[in-house]
Amino acid sequence: AVKDDSKEWARYAKELGVNLQRLRVERGLTQEAWPMTQAVENQYQRMEWGKIGKDTPANPTLKTIMAVAQVLGVTLDELLPQPWPDLHAR
């Protein structure tokens, strides 16, 4: 059986958003002055909000996460909150 991880993922997506905003502000970047393509920029805003809709947590692609880490000058470990959510089937 696969466990219901929707609440855990929503919490994690929100934590990621908090990390992103903190790192962006620390670097003096604004969402308006963001050196990314429009597609990544749109996903970034959703990532920082932690959701893509009222009740749908953000779920960015690995490519987007890597692009954001590169722009912020951080490793994935620095970008992604710890601990990671337990997403494997039980």
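Along the sequence shown, the residues carry numbers beginning at 1. Computed over heavy atoms, backbone and side chain alike; hydrogens, waters and symmetry mates excluded.
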Distance-only donor-acceptor hits, side chain of residues 12-20, under 3.5 Å, sequence neighbours excluded:
residue, atom, partner, partner atom, Å
Y12, OH, P81, O, 3.0
E15, OE2, R11, NH1, 2.4
N19, ND2, L79, O, 3.2

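No donor-acceptor pair closer than 3.5 Å links the side chain of R46 to the backbone N or O of A58.
Tracing side-chain contacts under 4.5 Å through hydrophobic residues (I, L, V, M, F, W, Y), one reaches W84 starting from L62; they form part of the same cluster.
With sequence neighbours excluded, no residue satisfies side chain to side chain contact (heavy atoms under 4.5 Å, CB included) with Q70. In this structure, the side-chain hydrogen bond (donor to acceptor under 3.5 Å, both in side chains) partners of E78, at least two apart in sequence or on a different chain, are T75. With sequence neighbours excluded, no residue forms a side-chain hydrogen bond (donor to acceptor under 3.5 Å, both in side chains) with Q82.
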Stepwise, does the side-chain contact (heavy atoms from CB on, under 4.5 Å) test hold for V74 with R27? CA-CA 11 Å; V74 297; R27 282 150 181 78; 3.2 Å; yes

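Between the CD1 atom in I65 and the CE atom in M47 there is a gap of 5.5 Å [rounded to 0.5 Å].
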